[in-house]
Protein chains: 2
Amino acid sequence: MVVDDEPSIRDLLSASLRFSGFEVVTAADGNEAVEVAKRAGPDLVVLDVMLPDLDGFEVAQRIDAPVLFLTARDATEDKIAGLRVGDDYVTKPFSLEEVQARIRAVLRRTRGEGAPTSRLKVADLELDEEAREVWRAGRPVRLSPTEFKLLHYFMANAGRVLSKAQILDHVWNYDFGGDAGVVESYVSYLRRKVDDVEPRLIHTLRSVGYVLREPPSG
Amino acid sequence: MVVDDEPSIRDLLSASLRFSGFEVVTAADGNEAVEVAKRAGPDLVVLDVMLPDLDGFEVAQRIDAPVLFLTARDATEDKIAGLRVGDDYVTKPFSLEEVQARIRAVLRRTRGEGAPTSRLKVADLELDEEAREVWRAGRPVRLSPTEFKLLHYFMANAGRVLSKAQILDHVWNYDFGGDAGVVESYVSYLRRKVDDVEPRLIHTLRSVGYVLREPPSG
DNA sequence: GAACGACCTGAGGAAATCCTGAAGGCTCAA
DNA sequence: TTGAGCCTTCAGGATTTCCTCAGGTCGTTC
């Protein structure tokens with residue numbers, strides 16, 4: 001369930017989550033959230049802390065599901081101390097990669113050990129979401145947060161061609177004002193760090209985008 | 001079983017204990033506690049001394065299980081003298097690390113010798129919960145109470161990335177008002193005391209958190 | 001093969017994040 | 001009352017990360 005009073009945020013999140021295979025219901029304020037939650041019984045709630053009627057933490061107490069809070073970046077961390085065990089939070093403005101990563105982490109903790117693995121693998125490139133570790137050809141690789149998010153997005157969509165606009169929309173914060181040049185820079189960083197051996201996995205499709213995959217055999 | 005009339009405390013404790021693998025039932029007052037205990041037969045009861053109906057010590061007498069009392073910090077010590085053998089207590093406000101440590105201690109005493117070991121070990125770093133002792137590379141290390149709780153939390157979650165907010169929620173009292181800067185200070189203290197030799201075990205994941213583990217093997 | 005657009009990448013400044021020493025206040029015991 | 005150990009805050013400095021920019025390279029088209 002997605003709860004936010006701004007329609008643009010609601011739509012952004014629900015569209016992105018639906019695309020990833022989640023079933024999504026939405027609410028625009030605290031009272032509606034409590035009501036919808038009762039009816040729909042969500043597995044997890046993405047909940048803006050600032051709502052027109054109720055405080056986000058109040059809403060959380062009346063809902064029997066783990067919560068991923070959306071907070072302003074300038075909220076001092078002690079405000080976040082209201083989190084229950086199992087909850088988590090993301091600061092606005094967020095990136096979709098960020099939100100989805102946290103959602104998966106919360107669901108993993110909630111559903112216990114039988115949860116699906118958090119390890120992605122393409123050829124000899126491996127990525128562990130939980131441990132936040134990456135290996136290429138068996139060697140560990142250190143990545144910055146943005147590099148990690150970008151690589152994760154590539155690996156979660158291995159074999160699919162991703163335009164620079166798509167990448168910008170998923171990996172960068174939704175309010176990012178710059179142009180697609182940064183994508184080129186970060187693809188360059190990734191190539192140096194994780195794609196400096198054969199077979200090359202990150203391929204440029206000129207004037208289309210990028211794709212991560214094993215080179216076509218034969 | 002968790003018994004407290006404040007829902008926030010009940011939820012905090014039951015969620016934290018469930019996450020650690022315990023089965024939890026709850027009660028909101030003394031009479032309900034006696035009733036639920038009869039039905040559920042708990043191995044241990046976490047029991048607030050101040051309940052709306054009955055006194056916590058009265059409740060304890062009617063329950064056939066060891067008790068971990070929750071008391072106000074200013075409770076005079078003679079009140080605590082009412083503890084039966086095998087019981088223990090924690091003062092409010094507590095930290096989750098504190099409560100879980102006491103619970104394990106009580107269960108260890110109750111269940112006798114067949115209990116699981118109280119010794120944590122990561123690489124050449126060892127921690128004895130019962131003796132409250134720590135060794136690094138065979139050498140004993142003196143830690144303050146907070147340092148010990150923090151290290152214990154790290155070791156109990158070795159290999160898992162812990163955010164500063166998570167650390168604050170588990171190691172510090174639930175009413176702590178300060179910010180995450182104090183976590184940085186204590187990580188610094190721990191590094192000086194237990195992580196001043198190779199291999200380094202406490203790693204910073206910039207803008208993510210910390211993790212205690214052996215360096216990724218390449 | 002020349003011109004054009006798209007892409008790559010090194011350099012560098014700004015900002016975010018982290019580390020750590022220092023200092024003040026607190027509790028507890030002597 | 002004093003002192004020691006502990007907890008917390010704070011701020012300067014170190015480090016890492018982010019983003020922009022510009023010159024060079026590569027591919028495509030005509």
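Below, read A as the first sequence line, B as the second, and so on, with proteins coming before strands; counting in each chain starts at 1.
- Not one side-chain nitrogen or oxygen of B:S188 sits closer than 4.0 Å to the OP1 or OP2 atom of C:dC19.
- A salt bridge links A:E133 with B:R213: the distance from a Lys NZ or Arg NE/NH1/NH2 to an Asp or Glu carboxylate oxygen falls below 4.0 Å.
- If you take CG of B:L143 and P of D:dC6, they are 10 Å apart, rounded to a whole angstrom.
- Contact annotation: A:Y210 side-chain N/O to C:dC8 OP1/OP2 distance is under 4.0 Å.
- Taking atom CG of A:D179 as the reference point, atom P of C:dG5 lies 17 Å away to the nearest angstrom.
- When rounded to the nearest whole Å, the span between CG of B:D196 and C1' of C:dT20 equals 15 Å.
- Note on B:R160 versus A:E130: no salt bridge recorded, every NZ/NE/NH1/NH2 to OD/OE distance being 4.0 Å or above.
- Within the 4.0 angstrom heavy-atom criterion, no nucleotide atom of any strand lies near A:G181.
- One interatomic measurement links the two molecules: CZ of A:F148 to P of D:dC18, which rounds to 13 Å at whole-angstrom precision.
- The nearest whole Å value for the distance from the CD atom in A:E184 to the P atom in D:dG24 is 17 Å.
- Open room surrounds CD on B:Q61; 12 or fewer heavy atoms of other groups in view lie less than 6.0 Å from it.
- At a threshold of 4.0 Å, the pair B:E98-B:R102 counts as salt-bridged, since one of the basic side-chain nitrogens sits closer than that to a carboxylate oxygen.
- Among the nucleotides D:dT17, C:dC19, D:dT9, the one closest to any side-chain atom of B:R191 is C:dC19.
- Put simply, the side chain of B:R206 and the base of D:dT17 share no donor and acceptor less than 3.5 Å apart.
- Backbone-only contact: A:F176 has heavy atoms under 4.0 Å from sugar-phosphate atoms and none from a base.
- Judged by closest nucleotide on DNA chain D, B:S144 is the one of B:S144 and A:K193 placed further toward the 5' end.
- Listed nucleotides: C:dT9, D:dC18, D:dT8. Nearest to the side chain of A:T146: D:dC18.
- Contact annotation: B:S185 side-chain N/O to C:dT20 OP1/OP2 distance is not under 4.0 Å.
- Between A:R192 and C:dC8 there is no side-chain polar atom (N or O) within less than 4.0 angstrom of OP1 or OP2.
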Handout entry: A:W172 vs A:Y186, ring pair (Phe, Tyr, Trp, His ring centres under 6.0 Å): CA-CA, chis, key distance, verdict
Key = CA-CA 11 Å; A:W172 269 260; A:Y186 273 88; 5.7 Å; yes

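- Atom-to-atom, CZ of B:R142 to C1' of D:dA4 comes out at 11 Å; the value is rounded to the nearest Å.
- Rounded to an integer number of Å, the gap from B:L168 CG to D:dT8 C1' is 12 Å.
- Using a 4.0 Å cut-off, no side-chain N or O of A:Y186 falls inside it from OP1 or OP2 of C:dC7.
- Across the protein-nucleic acid pair, A:W172 atom CH2 and D:dT17 atom P stand 14 Å apart, rounded to whole Å.
- A side chain to side chain contact (heavy atoms under 4.5 Å, CB included) with A:W135 is found for one member of A:V141, A:D128, A:D124, A:L127 and no other, namely A:D128.
- A sub-4.0 Å separation between OP1 or OP2 of C:dT17 and a side-chain N or O of B:K164 is absent.
- Taking 3.5 Å as the limit, the base of D:dT16 and the side chain of A:Y189 contain no donor-acceptor pair of atoms between them.
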